[in-house]
Participant: 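This is the structure I want to talk about, given as structure tokens.
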Amino acid sequence: MAFREDVAGLQAGLEQLRPPPVENDPVTAEVTEEHSELLKQAAQVSSVDLLCHRDVWEFITAEAGRHPHFRVPPQICDEGGERVRAALSGRSLIALLISLHAVGHTARSGDGDRELAATLYERIGASLTGLTPRGEPVTITLDDRSHLSDDAPANTVGDHEDSLGRGPTPESDDDQPS
């Protein structure tokens with residue numbers, strides 16, 4: 001009898017700890033015909049190579065990683081310049097697009113998430129336009145770079161070329177600080 005009373009007391013305590021029911025549904029993104037069509041395009045892709053900054057990859061996995069269709073790729077390659085390359089299946093690409101669409105339509109304006117999600121969503125959508133079954137593998141690059149002007153130096157600060165333009169040269173003893 002005492003055991004039943006203890007269990008009843010625990011159940012009552014758990015009920016008090018439960019959060020109250022949510023009266024309003026959480027904000028969800030409206031699913032448009034354009035969004036559905038983009039998901040269908042993504043479903044037709046066996047895989048894509050996604051090239052992006054590692055911080056963008058972290059955003060992608062944080063958002064899409066909660067979706068049941070998303071699978072973390074078995075290999076994520078360092079491409080240098082703080083960029084990574086990951087092969088995403090069509091299924092994972094669908095999860096990414098759904099997640100980006102939701103964030104782009106439900107995040108607070110001005111916090112950066114909405115803007116980042118919308119930009120990535122648009123870039124992926126543009127990359128999927130015009131694909132054919134006999135085309136080349138798809139690489140989606142989420143990393144715009146500036147064009148080098150004719151007078152811009154080709155090397156980064158600290159690189160030294162020899163007189164024949166053969167890349168960095170070993171520092172001589174004269175170059176060492178004393």
Participant: Decide yes or no on side-chain contact (heavy atoms from CB on, under 4.5 Å) for L93 and F70, but give the supporting numbers first.
Facilitator: CA-CA 7 Å; L93 189 59; F70 188 78; over 6 Å; no
Participant: Got a second to check how far D49's CG is from S127's OG, nearest 0.5 Å?
Facilitator: 12.0 Å
Participant: Please output the side-chain donor-acceptor pairs of residues 40-47 that fall under 3.5 Å, not counting sequence neighbours, one pair per line with the distance.
Facilitator:
| residue | atom | partner | partner atom | Å |
| --- | --- | --- | --- | --- |
| K40 | NZ | E37 | OE2 | 3.4 |

Participant: How about CD on E58, more than 12 heavy atoms from neighbouring residues, nucleotides or ligands closer than 6.0 Å, or not?
Facilitator: no
Participant: Does the H105 side chain pair with the main chain of H101, one donor and one acceptor, at a distance under 3.5 Å?
Facilitator: yes
Participant: I'd like to know if F59 and L51 are part of one continuous hydrophobic network [Ile/Leu/Val/Met/Phe/Trp/Tyr, side-chain heavy atoms within less than 4.5 Å].
Facilitator: no
Participant: Which heavy atom in P73 sits nearest to a heavy atom in A86, and how many Å separate them?
Facilitator: CG-CB, 3.8 Å
Participant: Can you tell me how far apart CD (E82) and CG (D143) are? Round to the nearest 0.5 Å.
Facilitator: 10.5 Å
Participant: Tabulate below the donor-acceptor pairs under 3.5 Å that side-chain atoms of residues 130-139 make, not counting sequence neighbours, or state none.
Facilitator:
| residue | atom | partner | partner atom | Å |
| --- | --- | --- | --- | --- |
| T132 | OG1 | G135 | N | 3.3 |

Participant: Determine, step by step, whether H53 and R83 satisfy the side-chain hydrogen bond (donor to acceptor under 3.5 Å, both in side chains) criterion, reporting the C-alpha distance in whole Å, the side-chain angles of both residues, the deciding distance to 0.1 Å, and the verdict.
Facilitator: CA-CA 4 Å; H53 189 276; R83 298 178 306 159; over 6 Å; no
Participant: Could you state the interatomic distance from CG (L96) to OG (S89), rounded to the nearest 0.5 Å?
Facilitator: 10.5 Å
Participant: At their closest point, which heavy atom of I124 faces which heavy atom of L142, and how far apart are they?
Facilitator: CG1-CD2, 4.4 Å
Participant: Is there a side-chain contact between V84 and L50 (heavy atoms, below 4.5 Å)?
Facilitator: no
Participant: Please tabulate, for side-chain N and O atoms in residues 114-123, each donor-acceptor pair with protein atoms closer than 3.5 Å (sequence neighbours left out).
Facilitator:
| residue | atom | partner | partner atom | Å |
| --- | --- | --- | --- | --- |
| R114 | NE | A107 | O | 3.1 |
| R114 | NH2 | A107 | O | 2.7 |
| E115 | OE1 | G112 | N | 3.1 |
| E115 | OE2 | G110 | N | 3.1 |
| T119 | OG1 | E115 | O | 2.8 |
| Y121 | OH | H35 | ND1 | 2.6 |
| R123 | NH1 | T141 | O | 3.1 |
| R123 | NH1 | D144 | OD1 | 2.9 |
| R123 | NH2 | D144 | OD1 | 3.2 |
| R123 | NH2 | D144 | OD2 | 3.1 |

Participant: R91 side chain to L88 main-chain N or O, any donor-acceptor pair under 3.5 Å?
Facilitator: no
Participant: Drop me the distance from I60's CD1 to S92's OG, to the nearest 0.5 angstrom.
Facilitator: 11.5 Å
Participant: Evaluate the side-chain proximity of R85 to I76: yes if any heavy-atom separation is below 4.5 Å, no if none is.
Facilitator: no
